[in-house]
Amino acid sequence: MGTSDPWPSEAELDEAYAGAYRPTGGRFAGPGDRLLRFTRSRLAERIEQIAPEGPVLDVGAGEGWLVEALGARAVGIERGDGPWPGGPWAAVIFWHSLEHLPAPREALRQAASELRPGGVVVLALPNAASLQAAAFGGRWLALDPPRHLVHVPAKSLLAGASDAGLRVERVSYWRGGQVLIGWLHGLVGLLPGHPSLYEALRVSSARWTAVSPARRAYAIAAGLVLSPIALACSALEVACGRGGSVYVEARRA
């Protein structure tokens, strides 16, 4: 497992999560936010299928779309919210949030210890052992400094789940998302001028740097042209078990 170096201060993290990170009007242009909301509703359906009766804790709830989809049984918390509310939980969700925590192994152990019998942990996070991470190195989209404090290979994550007393029931290198966009962003960034596709896809209030209309058009057009290559690369890394993200369902016995 890799960690951010240098480790950010609390002040730096507070600044990194403010303003443009998640503006109230949404993050992405076009259908981006609607697509994310749809994926959270699909995740909620999956949790309803595999989790026993009882409350669900969403650690890193973001916009709250998963909590909304799960209804009254769900509780969402964010970074800085203090101690977790008390369990036991039918499910604990870490949807691209474990990498934001300074002690992910301890968080996973806590989740496992607070599950009711038969409860599940459902998580997704970037796979530091992915082909795209190796291909793009310091330009890999999922590095996201300083917010991503840890960079976890899939094997380490699975070992951590087992060490926490969980039985891994499902692993997917596609279901966790952020696979295709990782390749698209990385490939576009290799072009002259190193345009940022990710910034171009965000609305102006959600960008960390100003993007001119011409540069935005350049990045998006390049992404469209390169999409067949990105799709092929995504399929290859998923088939190899080295996808850009890893999705895990693990159950307490």
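Bear in mind the structure is a predicted one, so any value in this text is a computation, not a measurement.
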**Student:** As a quick check of understanding, evaluate ring-ring contact (aromatic ring centres under 6.0 Å, His included) for Trp183 and Phe136, giving each step before the final call.
**Tutor:** CA-CA 9 Å; Trp183 280 106; Phe136 301 122; 5.3 Å; yes
**Student:** Can you list everything that forms a side-chain contact (heavy atoms from CB on, under 4.5 Å) with Ile181? Sequence neighbours excluded, please.
**Tutor:**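 Leu141, Gln178, Leu197, Leu201.
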**Student:** Can you see which heavy atom on Ile77 is nearest to which on Pro85, and at what distance?
**Tutor:**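 Closest heavy-atom pair between Ile77 and Pro85: CG2-CD, 3.9 Å.
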**Student:** Stepwise, does the side chain to side chain contact (heavy atoms under 4.5 Å, CB included) test hold for Val92 with Leu115?
**Tutor:** CA-CA 8 Å; Val92 177; Leu115 286 175; 3.9 Å; yes
**Student:** Arg207 and Ala200: which non-hydrogen atoms are nearest, and at how many Å?
**Tutor:**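 Nearest heavy atoms, Arg207 then Ala200: NH2-O, 3.9 Å.
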**Student:** Between Ile220 and Leu187, is there a shared hydrophobic cluster once you connect ILVMFWY residues whose side-chain heavy atoms come closer than 4.5 Å?
**Tutor:** yes
**Student:** What I want to find out is whether Arg40 reaches Glu63 closely enough, with some N-O distance under 4.0 Å, to be called a salt bridge.
**Tutor:**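 No.
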**Student:** Decide side chain to side chain contact (heavy atoms under 4.5 Å, CB included) for Leu158 and Ser162; before the verdict, give the C-alpha distance in whole Å, the side-chain angles of both, and the deciding distance to 0.1 Å.
**Tutor:** CA-CA 6 Å; Leu158 297 176; Ser162 179; over 6 Å; no
**Student:** Working to the nearest 0.5 angstrom, can you tell me the gap between Leu236 CG and Gln132 CD?
**Tutor:** 11.5 Å
**Student:** List the residues meeting side-chain contact (heavy atoms from CB on, under 4.5 Å) with Ala221, not counting sequence neighbours, and say none if there are none.
**Tutor:** none
**Student:** Between Leu13 and Pro8, what is the shortest heavy-atom contact and its length?
**Tutor:** CD2-CG, 3.7 Å
**Student:** Please tell me whether Phe94 and Leu125 are part of a single hydrophobic cluster in this structure, the criterion being side-chain heavy atoms less than 4.5 Å apart.
**Tutor:** yes
**Student:** So, taking the atom named OH in Tyr247 and the one named CG in Leu43, what distance separates them when rounded to the nearest 0.5 Å?
**Tutor:**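 Between atom OH of Tyr247 and atom CG of Leu43 there are 6.0 Å.
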**Student:** Closest approach of Arg105 and Gly160, non-hydrogen atoms and distance?
**Tutor:** NH1-CA, 3.5 Å
**Student:** With a 4.5 Å cut-off on side-chain heavy-atom distances among I, L, V, M, F, W and Y, is there a chain of contacts connecting Leu57 to Val67?
**Tutor:** no
**Student:** Are any of the side-chain nitrogens in Glu249 or Arg251 under 4.0 Å away from the carboxylate oxygens of its partner?
**Tutor:** no
**Student:** Roughly how far, to the nearest 0.5 Å, is CG of Leu180 from OG of Ser245?
**Tutor:** 11.0 Å
**Student:** So for atom OH, which belongs to Tyr21, do other residues, nucleotides or ligands contribute more than 12 heavy atoms lying within a distance under 6.0 Å?
**Tutor:** yes
**Student:** Testing the basics here: between Gly30 and Arg34, what is the closest heavy-atom pair and its distance to 0.1 Å?
**Tutor:** O-NH1, 3.9 Å
**Student:** For the side chain of His185 and the backbone of Tyr198, is there at least one donor-acceptor N/O pair under 3.5 Å apart?
**Tutor:**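 Present.
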**Student:** Which heavy-atom pair separates Arg116 from Pro55 by the least distance, and what is that distance?
**Tutor:** NH2-CD, 3.9 Å
**Student:** Give the table of side-chain donor-acceptor pairs shorter than 3.5 Å for residues 68-75, with sequence neighbours excluded, one pair per line with atom names and distance.
**Tutor:**
residue : atom : partner : partner atom : Å
Glu68   : OE2  : Arg37   : NH1          : 2.8
Arg73   : NE   : Gly54   : O            : 2.9
Arg73   : NH1  : Glu48   : OE1          : 2.7
Arg73   : NH2  : Pro52   : O            : 2.7
Arg73   : NH2  : Gly54   : O            : 2.8

**Student:** For the CH2 atom of Trp89 and the CH2 atom of Trp84, what is their distance to the nearest 0.5 Å?
**Tutor:**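 If we round to the nearest 0.5 Å, Trp89:CH2 and Trp84:CH2 are 9.5 Å apart.
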**Student:** Over 60° means perpendicular and under 30° means parallel, so tell me whether His100 and Tyr17 are parallel, tilted or perpendicular.
**Tutor:**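 Correct class here is tilted.
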**Student:** Are Trp140 and Leu190 linked, directly or through other ILVMFWY residues, by side chains that come within less than 4.5 angstrom of each other?
**Tutor:**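 Per the 4.5 Å side-chain linkage, Trp140 and Leu190 are co-clustered.
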**Student:** As an exercise, state the distance from CG of Leu66 to CZ of Arg42, rounded to the nearest 0.5 Å.
**Tutor:**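 Between Leu66 CG and Arg42 CZ, I get 13.5 Å after rounding to 0.5 Å.
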**Student:** Without swapping roles, check the side chain of His96 against the backbone of Gly60 for a donor-acceptor pair under 3.5 Å.
**Tutor:** no
**Student:** A quick test of your reading: do over 12 heavy atoms of other residues, nucleotides or ligands sit less than 6.0 Å from CD of Glu53?
**Tutor:**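 No, not enclosed.
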**Student:** Do side-chain atoms of Asn127 reach the backbone of Val246 as a donor and acceptor pair under 3.5 angstrom?
**Tutor:**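 Checked: no pair found.
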**Student:** Could you walk me through whether Leu157 and Leu123 pass the side chain to side chain contact (heavy atoms under 4.5 Å, CB included) check?
**Tutor:** CA-CA 10 Å; Leu157 175 65; Leu123 63 87; 3.3 Å; yes
**Student:** Between CD1 of Ile93 and CG of Leu98, what distance do you get to the nearest 0.5 Å?
**Tutor:** 12.5 Å
